[in-house]
Amino acid sequence: MFEWNTLARQGKARAGEFATPHGILKTPVFAPVGTQATVKSLTPAQLEDLGASLVLSNTYHLFLRPGDELVAEMGGLHQFMQWKGPMLTDSGGFQVFSLSEIRKIDEDGVSFKSHIDGSMKRLSPEISMQIQENLGADIIMAFDECSDPTHSEITQAAMRRTHAWLLRCQKAKKRADQALFGIVQGGVNDQLREESASFVSSLDLPGHAIGGLSVGESKTDMYRTLDVVNAILPENKPRYLMGVGTTQDLIEGVLRGVDIFDCVLPTRLARHNTAMTRYSRLNLQNACYSRDENPIDPQCSCYTCQCFSRAYIRHLINAKEMLAATLLSIHNLHTLISLAAEMRQAILAGSFESYARDALQKIHENKKPEKVK
RNA sequence: GGACGGUUACCCAAGUGGCCAACGGGGUCUGACUGUAAAUCAGAUGGCAGGAGCCUUCGGAGGUUCGAAUCCUUCACCGUCCA
């Protein structure tokens, strides 16, 4: 269990397999995010049709509601939300960052003011492990401190705390059927990243994650940091770049040896009326689509593009119909899931270098889908 | 025929002498979104410039005033009531 096999390699890019109790992850892979035990606006059947393999959920949110013990009583997260494939739960570490207004950090852990009812809640490495064991995902994440990458003193303190917490997570973890991934922090500081990657690599964990990126830093910083970290993380373990989510970042990530991605972007953009296409974005709310008979992308094979026009989707958006969110979520997730699958095929076929170069060039040109009519 | 009340920007609707190009809401348009406090948030919405600049507006016409969406006269239309 939790064996990582590299099937092919091209440059730093890899195609691999990671066995979990709920199936084999074929990488590179993009994972949709289902924070509250649901990928917003989609049913598990729709996710399956999309070819989704790994789905994320969230410790902090499920801890607050409905409660991890309730989920355990209901048979665990897989049974509860009826997702049969591999699952990953985030530890609540990102909420340390995103809910910074209503939390307080100390060496032992973090106290949050619940965003739901204002009551104080406590999260620590041990509590996060306990919650994630109750939830029962295949991959569980170490409780880390994701911090603003631009303040280097804060970043250093956060990184050191993240390391100390990782040791505690490892110690507190009891279930053997869950893989604990450690998280590399260190902001955009190369020395800190090296220190963090070395430390995390030394613990013999089944997989490694890169956190604290795509939180406002420049692309240059992000890609350089990936280079620094992946030069240290061992080749024989999966690498998970947390929270990354644009087509460009997926390609740049795979080029640098990343295997797993997750992001809220496709589903959030979908609810905010924006379609992600291979090389650009389309705001379907724009007036220019009101009489556009084309699908979002005539080249796209997703359900939405097989059936519906831009004009119809724009109508749904303007009428505030929730089907708009569903159709756009299907399309956006398809874009990233199929991109990851194509990259995998290209690596296996030995054509990834030219595939990536061509795709990045078109992204750089912001190439819109070609219309048929 | 008479008595009141009303007519404000795409729609609804505030404003009853200067702080009014005119509150607010809707609609419309545009932008943002990367381990989800996000079916959210921000901006624009008379015209032209596109920094705090100019021009044309508050049913029509005329008038009072230094100054009018706001006061007066008159016309038109709408509503309620009385004949």
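Chain letters run A, B, ... following the sequence lines, proteins first, then strands; residues in each count from 1. All values below were derived from every heavy atom in this structure, side-chain atoms included, with hydrogens, water molecules and symmetry-related copies excluded.
- B:G60 and B:A52 have their P atoms separated by 29 Å, given to the nearest Å.
- Between the CG atom of A:L265 and the C1' atom of B:G35 there is a distance of 13 Å, given to the nearest Å.
- Base pairing of B:U64 is not made with any nucleotide, judged by Watson-Crick or G-U wobble geometry with both donor-acceptor distances under 3.5 Å.
- Comparing B:C29, B:A37, B:U40 by their closest approach to the side chain of A:H115 singles out B:A37.
- Within 4.0 Å of A:A287, counting heavy atoms only, lie sugar-phosphate atoms of the nucleic acid but no base atom.
- In the set B:U30, B:G35, B:C33, B:G35 carries the atom at the smallest distance from any side-chain atom of A:F94.
- Between A:Y223 atom OH and B:U34 atom P there is a gap of 14 Å when expressed in whole angstrom units.
- Note on A:D90: a base of the nucleic acid sits closer than 4.0 angstrom, heavy atoms only.
- When side chains are defined from C-beta on, A:F352 does not count as touching A:L348, because their heavy atoms never get closer than 4.5 Å.
- Judged by distance alone, the side chains of A:R278 and A:S338 do bring a donor and an acceptor atom under 3.5 Å apart.
- Note: CE (A:M322) to P (B:U40) measures 14 Å, nearest angstrom.
- In this structure, A:R268 does not reach the B:A32 phosphate: none of its side-chain N or O atoms is under 4.0 Å from OP1 or OP2.
- By the 5.5 Å and 30° criteria, A:H61 is not stacked with the base of B:U36.
- In this structure, B:G50 makes no Watson-Crick or G-U wobble pair, since no nucleotide meets both defining distances under 3.5 angstrom.
- A:Y289 and A:N294 share no side-chain donor-acceptor pair at under 3.5 Å.
- For the residue pair A:S351 and A:S354, no side-chain donor N or O sits within less than 3.5 Å of a side-chain acceptor on the partner.
- Atom-to-atom, CG of A:L333 to P of B:U36 comes out at 14 Å; the value is rounded to the nearest Å.
- For A:N58 against B:G35, no side-chain N or O and base N or O form a donor-acceptor pair under 3.5 Å.
- Nucleotides B:G17 and B:C10, compared at atom P, are 27 Å apart to the nearest Å.
- Among the atoms of the strands shown, base atoms are found under 4.0 Å from some heavy atom of A:K219.
- Counting any heavy atom pair closer than 4.0 Å across all strands shown, A:T267 reaches a base atom.
- Pairing of B:C29, defined by two Watson-Crick or G-U wobble distances under 3.5 Å, is identified with B:G43.
- Of the C1' atoms belonging to B:A13 and B:G24, the separation is 8 Å, rounded to the nearest Å.
- For the P atom pair drawn from B:U56 and B:A42, the interatomic distance equals 36 Å after rounding to whole Å.
- Nucleotide B:A38 holds its P atom 19 Å from the CG atom of A:L328, rounded to whole Å.
- Put simply, A:N283 has a side-chain N or O that comes within less than 4.0 Å of OP1 or OP2 on B:G31.
- To the nearest whole angstrom, the two P atoms, one in B:U36 and one in B:A21, are 49 Å apart.
- Along RNA chain B, the nucleotide nearest A:N273 and the nucleotide nearest A:S91 are compared for position; the residue whose nucleotide lies closer to the 5' end is A:S91.
- Pairing for B:U57 is absent, judged as Watson-Crick or G-U wobble with the two contacts each under 3.5 Å.
- Nucleotides B:G5 and B:C11 have their C1' atoms positioned 22 Å apart, rounded to a whole Å.
- If you check B:C81 for Watson-Crick or wobble pairing at under 3.5 angstrom, you find it paired to B:G2.
- A:G212 comes within contact range of at least one nucleobase, with a heavy-atom separation under 4.0 Å.
- Rounded to the nearest Å, the gap between the P atom of B:A14 and that of B:G59 is 14 Å.
- Classification of the A:F97-A:F94 ring pair by plane angle, with boundaries at 30° and 60°, yields tilted.
- Among the heavy atoms of the strands, none lies under 4.0 Å from A:Q248.
- One finds a side-chain N or O of A:R314 lying less than 4.0 angstrom from the OP1 or OP2 phosphate oxygen of B:C29.
- Among the nucleotides B:C29, B:U34, B:G31, the one closest to any side-chain atom of A:N318 is B:C29.
- Salt bridge present: A:E235 and A:R239 bring a charged side-chain N and a carboxylate O closer than 4.0 Å.
- Taking only side-chain nitrogens and oxygens, A:T35 comes nearer than 4.0 Å to OP1 or OP2 of B:U36.
- Within 4.0 Å of A:L88, counting heavy atoms only, lies no atom of the nucleic acid at all.
- Put simply, A:S98 has a side-chain N or O that comes within less than 4.0 Å of OP1 or OP2 on B:A37.
- Among the atoms of the strands shown, only primed sugar atoms or phosphate atoms (P, OP1, OP2) are found under 4.0 Å from some heavy atom of A:L56.
- The separation between A:F143 atom CZ and B:G35 atom P is 17 Å, rounded to whole Å.
- In this structure, the NE2 atom of A:H272 is 13 Å from the P atom of B:A32, given to the nearest Å.
- Using a 4.0 Å heavy-atom cutoff across all strands shown, A:Q95 reaches sugar-phosphate atoms only and no base atom.
- Searching all strands for a Watson-Crick or G-U wobble partner of B:A9 with both distances below 3.5 Å returns nothing.
- Closest contact between the side chain of A:R281 and the listed nucleotides B:G35, B:C33, B:C29 involves B:C33.
- To the nearest angstrom, C1' of B:U36 lies 15 Å from CG of A:N332.
- A:S114 and A:D117 are linked by a side-chain donor-acceptor pair at a separation below 3.5 angstrom, with hydrogens and angles left out of the test.
- Not a single salt bridge (charged side-chain N to carboxylate O under 4.0 Å, His left out) links A:E48 to another residue, sequence neighbours left out.
- Comparing atom distances between the A:T274 side chain and each of B:G35, B:A39, B:C33 picks out B:C33 as nearest.
- Here the separation of B:A37 from B:G50, taken at their C1' atoms, is 37 Å to the nearest Å.
- With a cut-off of 3.5 Å on both Watson-Crick or G-U wobble distances, the partner of B:C20 is given as none.
- By the 4.5 Å heavy-atom criterion applied to side chains, A:K371 and A:D292 are counted as neighbours.
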